[in-house]
Each structure stands twice: as structure tokens, then as C-alpha cells.
Enquirer: 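I'd like to ask you about the structure that follows.
So that the names make sense, note that chain A is the first sequence line, chain B the second, and so on, each numbered from 1.
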4 protein chains.
Amino acid sequence: MLDAGVRAFARSGYRNASMDDIAELAGVSKPLVYLYLNSKEDLFTACIRREAAALVTAVRAAVERDAPADRQLWSGLSGFFAHTAEHPDGWTLLHVQARTHGQPYAREVAAMRTEIVEFVTQLIAAAAREHAREAARARTLAGTEVSGLAHALVGAAESLADRAGDGRAGGPSAKEAAATLMNFAWAGLGNLLQGRGWAPERIG
Amino acid sequence: MLDAGVRAFARSGYRNASMDDIAELAGVSKPLVYLYLNSKEDLFTACIRREAAALVTAVRAAVERDAPADRQLWSGLSGFFAHTAEHPDGWTLLHVQARTHGQPYAREVAAMRTEIVEFVTQLIAAAAREHAREAARARTLAGTEVSGLAHALVGAAESLADRAGDGRAGGPSAKEAAATLMNFAWAGLGNLLQGRGWAPERIG
Amino acid sequence: MLDAGVRAFARSGYRNASMDDIAELAGVSKPLVYLYLNSKEDLFTACIRREAAALVTAVRAAVERDAPADRQLWSGLSGFFAHTAEHPDGWTLLHVQARTHGQPYAREVAAMRTEIVEFVTQLIAAAAREHAREAARARTLAGTEVSGLAHALVGAAESLADRAGDGRAGGPSAKEAAATLMNFAWAGLGNLLQGRGWAPERIG
Amino acid sequence: MLDAGVRAFARSGYRNASMDDIAELAGVSKPLVYLYLNSKEDLFTACIRREAAALVTAVRAAVERDAPADRQLWSGLSGFFAHTAEHPDGWTLLHVQARTHGQPYAREVAAMRTEIVEFVTQLIAAAAREHAREAARARTLAGTEVSGLAHALVGAAESLADRAGDGRAGGPSAKEAAATLMNFAWAGLGNLLQGRGWAPERIG
DNA sequence: CATGAATGAGCTTTCATTCAT
DNA sequence: AATGAATGAAAGCTCATTCAT
């Protein structure tokens, strides 16, 4: 029944998907939907929560604990791309629809996002510590720098996931996408740690 | 009058924003809205077009022509973040709402996005050429690599712009966001050019 | 200006014809229409009155006074068919549109119709008197009989006029239509006068 | 529910009768009307079809098969007048409203009318054959003459029915109206068959 | 005298939501 | 537990009508 909701909401949008459609898609009668999920808003919330939980769970399960930080990040990204590719409706629901319809829903996915960003932040911090052990003149990163990188990384990942779900099959595989992203992000991190970050020095 | 449309659509979504609301917000009567913009769909299209044009214009104006490629990219990003921060409703309209409601609108912003991605692609290619002049053992980038980088960069920028418009003031300034992104992407470009990309195989 | 009204009302119907259409058709601005004819209802009424007057005038002018009654009737019918064929919009306005939209307008054309029916009634009565002078055993007609014939005659004439205006050119000419009608009506009158009317005698 | 539609449409006209009015008249809520009859147009069509079928059925039932042709015609006319007098709204719907509002509806009643005209045509032809058996020097009628007579007869009948439905009680009864019409038309037929038609040339 | 600009009111249609069964 | 039947409320759109110029 939630399946029907996710699918309908993802494909038609919250307003366009009617409760009739959803009930029919689920193969049950409309009042039954109301019995289990009190209202359209509640149904939408329930769908979002389920998809958010599924996504977080998938990413968590994909992460190779006890591996080096970069490897953990890479495996997490792989898991993320694999899950969004396998559940395009769920991803659309979270990343497109939930954001489109005001506060209660947007907050719901914002919470999930924060969770992921924090996880990435910790990985980056761990990587920085690892790096510090190995390299001599490593500098310490400010919190905002780490957080900035994490946000950018997550943002780029979301973008790639959107692009993959655009319907054109034959795009990059989940692991390829993850590798592409690591190429950019990890290099940036390394440079930053060695004091070779990019800066608009030429400005007054 | 378009202002009212942009604001209402951005905040309530296309379906939820009623023509009554928009008319009231614009301080005019509903029939007047229909007199100037023939239908709700036309109004939506007009809003999207205006905001897309404004954004592209702003970015174009911000780019420092004749500067080195990285500097051009940075100034363009700064302009982008400055504009989206100053016009959060316009940005939401383009990036969230227009994508949510079917083909005609999505195509409109897809065109704008393509324009920007191509611009970034050219900058990256130019940077690669500059780099080739300076560094000895620079390798040539494949077209897909450049394009991949451009997409990731634009995607990350969009994400950061979203975050900035979330309403929580005190986020990073436009220039800081641009610098973060440069750090994220430019280093990746450099590493790629020197054949030092990240790859999962290196790890256990 | 009334021309435009007649045409628009006849072709689109009272509700479908908008004041915008009419003003544009008349080549003037809408407020001007309101200046001369206070409202849409007044405009409609004015159109009906004009067309009714024109029709009655045309029929009156066509009647050959001082001729025998049958000849008068025939010439009147000819005039009627000629006028309705030449002014199909006017005829539609009177016979279709005015009847469709409630009391005030329906009454207007009912008055005109009454006038015509009375005229026909008098002609029939005159014919009866003429007949009485010529034929020996003529019987006197009851008022209801005369009136019934007049009504039927006028009704049949209206029907033929409708059929003629249906757009298929090449129908019978006005004079032919009038002759056809005379064939039926006058014979019926003659038979009645000679006591050879049709009656359901066989019923109990 | 169709009753309400017929009544509202007949009295107010298609455009003037609002779905609110109809729903209220039917004692149900507006959405229910839309549930059963999909749109105003469909409701109108359904009303027309029902009334047309009812009228045709009533006329068919009234005709005394196996009686002589004139008797059949008379009984059919009686049935027609009786039905229209008993269902004035239905008659108005068919004869006034359906004709006023464009092709799909007009066609619907045109079909019914054709059916009736053809029935009358056959009766007249049968009468001519009967007449030929009895009278010696009967001439054969051309098809156009028969058809013209049928059209005129039906047209006159329609007109008389309109008059009866005008609301003024005390008009002629159904049988009287039928007799009047028979007098009007049957005599014409007889004269025609005997070559004694009326023609303008006979006069001065 | 004539009009461009503006609106109040109403119409058709849809949909989330609820009872009686 | 499950549903067919019904509705209140609202939305997009149109049009007769009026001022300020």
C-alpha cells in the first residue's frame, strides 16, 4: 500500500496523485487506505519516512566498517548510488517531491540528509587523522572546511543520482559514479590537508 | 505580477498556489492576471523564463572575461551563489518546482542548465590547456572526463545553493561557497591531469 | 450595431455570444455598446424588436390589398418566406433564440406572432364570406375552427422557414413554398366550408 | 436526476441552468451528478436521448396498426399531442433547447425527427394507394410532393405542440389538435390526388 | 464622445474525506 | 474488516459591467 503511494507520488506529484489512483494502484478500496493511514498527508509522510529509512539503511549496510576512511566513503557512495538506481521512485520521492511541498515533509528529508552529511563529515575527519599520522607537514582542517567538503560531496552525489534516474539507461554504474566522485572529492581533501587548497589569492 | 507568481509558486508549489493567492499577493484581481498571462500554465512558464534569464544574465555578468580559467570559473560561481542567495524564491522555482511538474517546464530549465554546463565545460577544457603549457607530463583528458567533472561541479553548486536558500541565515557567503567548490573540483582536475586519480583498486 | 447583435446572437446563442464579440463585430468598443444599449438584456430585446418589426413590415408590404383573400394570403406567405430567406439570422433570432431564453424575450415574439395569426384569421374569415356568396350550401365556421386553421398554417409556415434556413441552398423558392402551403391549407378550408372536413367518425 | 436536468434545461436553457440548480432540484449534491453523468454536456445529451426515446415510444404506442392510413395518422398525432402536453418540459427540451446549442445535440433530435417524418411519409403513400383503389381518375404523387406534405404536417404539429405547452391551459385537447391537423393536411392530400391543387396563376 | 484597464460574481469540475452497510 | 455511495470545499477560468482618462 505504501508502495502504491511511493509510486504514485513520485510519478505524478503529491497533488496530482489522487487517493483514488493510489487505492486502485494498491488494489484496495479507498476507505481502507484511510483506515490504515489517516489522511493523504499522513500517507505522504509515511512514504517519505519509509523511503528515507530504506535509503539510510542501505547506505549503512554498504559501508565497509574497519576499512580506511576513503574506502568507507567509497563503499557508502556505491551503496547510495546502487540503492537510488534500484529505487528510482523512492529517490524521486525524497529528493524531488518531498522538497516541493512545504515544511513538514521537507524537514523530514532534511533530517535524513543531516544524518548522512554528519556521517560523511566524520569520515573526512577520520581521513584527516589518518593523513596526519602518515604525512609530516599536514595541517589541521577547520570544522567549516570539513563540513563544506561534506556538503559539496553529498550535493554532488545527489546530483549524480538525479541524473542517473533520468531514465536514460546505460549511464555509469553505481561503482563508477562513486569512483568519479571520489576522484574529485578525495583529491580536494588531500590538497587541503597539504595546504595546497585553491584560493582566490589574486583578489585584493 | 510575475513577482507574486514566483513567490507563490516557489513557496507553495505549482498546484498549491491558487490563482486567488497570486492575484491577492500581486494586489490585483484574478481576471487581470488572466488578462495578461492567459492561464496558470502560462503564468508558470513566464515565471520560469524570467528567473532563468535573470540567473543566466547574472552569472554571465559576474564572469571575469580575459582572466585565467580558474579565476573565470570562480567568479562565475560567486555570481551564481550571490544571485541565488539574493533571489531564493527564483532559485527554488527553477531548481525545485520547475522540475517537479512535467515536461514543458522541466525542459525549460534543462535548456538553461545545459547552457551553464557547457560554459563550465569550456572553462575546464581551457584550464587543461593552460596546465598543459606549464606542467611537463600532463595528460590529455577524455571528453567524458571533462564533462563528468562539469556535471559534478554544477550539481554540487546547485546543492550548495539549495542549502543557502533554506532560510537559515548565517550560512557561508557566496564567495566562500565558491571557494569551497573550487577546492572540491579544481584539485580533482589537477590530479586527473597529472594521472593521479583515485581508484578503489589501490585499496585492499 | 444591432446588426452585430443579431448576427452574434443568432449564430452563437444569447449566452455564448459575448459582449466582446459583439463589440468587435460591430467595429466599436465595448463601453460604446453599453452607452447606446444599456445591458446585454436590453441589447437582446432591441435586436428582437427590430427583427420582429422588420418581419411584420415585410409581410404587410407583401400583401396585395384589395385582392381576393386567397391571393392576399398567398402574397403574404410569399413575403414571409422571402424575408426569412433573406434575413436568416433575424429569423433564427426570432424563432429559435428568443424562445430559448425565458419570459421577457419569448413574450416579445409571442406578441408578433399573435399579430400575424390574427391577420391570417381575418383573411380566412374573409374567404369564408366570399365563399358564402358564391357557394350555396356553405356552412358557417366556428371561431375555434378558423383560429385552429390559422395557427396550423402559421406553424407550418414557420417550420418551412426553418427548413429553408438550414443552410442547404437550392431549396424551394419563397413563392414555391407559399404555393405548397396554400395547396394544403386552402383545400382544407374549402372542404371545411363544404362540410366535408375530416373527422374521426369511426370512434365511438 | 434526469428529471431535474430536463426540467432545468427546458425552463432555463442549457447555459443558464447551472449544475448547482440541477443538483438542488434533484435533491442531491453536485458531485453526485458528476459521478453518474460525467459532465454538463453528457447530462444534456442523456436528457435529450431519454425524452426523444420517450416521445417516439409514445407515438408508436398510440398508432393503431392495421387501421386505414388516415386513422393511423390521426391516432399517431393524438398520441404525439397527448405526450407533449403531458411532458411539456421534455417537449421544450427537444424542440427548443436541443436545437439551439450546436451540432451534437441538434443531430440527436434531427435523427428522431427524420424517423417520424419517414413514418408519416409512408402513411401518406399508403393513403394515396388506398385512394387510387377507390377513385377513378386519381393521379400519382411525386416523391417530393409526398415528402413536402409530410414535412409540412410534422412542422405544423410541432408548432401546435409548442402552443399547447405555452402554459395557458384550456387550449385544444390532444384529439382536437389532431383533428384540426387532419383537416388541414388530409384535404390537401385529397385535392392533390385529384389534380385540384391550388396555384397562384388561377387568380387574376 | 470614446476607450483601455480592471473587477465582482458565477460556473464547471475535481478531490480528500466520511458514513451506512 | 471492507466498501459503495455521497459530499463540502475549493480551484481554474470567463464575462457582463464599470471607471478614469
Enquirer: Tell me, what's DNA chain E's dot-bracket, Watson-Crick or G-U with both distances under 3.5 Å, | for other-strand, [ ] crossing?
Expert: .||||||||||||||||||||
Enquirer: Going by the salt bridge (charged side-chain N to carboxylate O under 4.0 Å, His left out) test, which pairs reach into residues 12-28 of chain A, not counting sequence neighbours?
Expert: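 Qualifying pairs, neighbours excluded: A:Asp20-A:Lys30.
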Enquirer: Send over the distance from D:Phe9 CZ to E:dT12 C1', rounded to a whole Å.
Expert: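 Rounded to whole Å, this separation is 12 Å.
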Enquirer: Using whole Å, report how far CG of A:Asp21 lies from C1' of E:dC15.
Expert: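 Going from CG in A:Asp21 over to C1' in E:dC15 covers 10 Å.
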Enquirer: Without decimals, in angstroms, what is the distance between D:Asn16 CG and E:dG10 P?
Expert: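 So the CG-P distance, D:Asn16 to E:dG10, works out to 12 Å.
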Enquirer: Nearest to the B:Lys30 side chain among E:dG10, E:dT7, E:dT3, which nucleotide is it?
Expert: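 Nearest listed nucleotide: E:dG10.
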Enquirer: Round to the nearest Å and state the distance from B:Leu32 atom CG to E:dG8 atom P.
Expert: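 It is 11 Å, rounded to the nearest whole Å.
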Enquirer: Does A:Lys40 count as lying over the ring of A:Tyr14, i.e. NZ or CZ under 6.0 Å from the six-ring centre, within 45 degrees of the axis?
Expert: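 That pair qualifies as a cation-pi contact.
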Enquirer: Nearest nucleotide by nearest heavy atom, which residue falls closer to the 5' end of DNA chain F, D:Leu35 or B:Asn38?
Expert: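 This one resolves to D:Leu35.
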Enquirer: Tell me what D:Ala23 touches on the nucleic acid: a base, only sugar-phosphate, or nothing, going by heavy atoms under 4.0 Å.
Expert: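 If one applies the 4.0 Å heavy-atom cut-off, D:Ala23 turns out to touch nothing in the nucleic acid.
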Enquirer: A:Ile22 has an atom CD1; how far is it from atom P of E:dC15, in whole Å?
Expert: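 Going from CD1 in A:Ile22 over to P in E:dC15 covers 12 Å.
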Enquirer: What integer distance in Å separates C:Met1:CE from E:dC1:C1'?
Expert: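 Between C1' of E:dC1 and CE of C:Met1: 13 Å.
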Enquirer: Could you tell me whether the side chains of A:His95 and A:Asp162 share a donor-acceptor contact shorter than 3.5 Å?
Expert: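 Yes, a side-chain donor-acceptor pair sits under 3.5 Å.
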Enquirer: With rounding to the nearest 0.5 Å, note down the distance linking CH2 in A:Trp91 to CD in A:Glu51.
Expert: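 Separation between the atoms: 11.5 Å.
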Enquirer: Whole Å only: how far is the CG atom of A:Asp20 from the C1' atom of E:dA16?
Expert: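 Rounded to the whole Å, the gap is 9 Å.
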Enquirer: Nucleotide range of DNA chain F contacted by chain D, 5' to 3', under 4.0 Å to a heavy atom?
Expert: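 That gives a stretch of F:dA6 to F:dA10.
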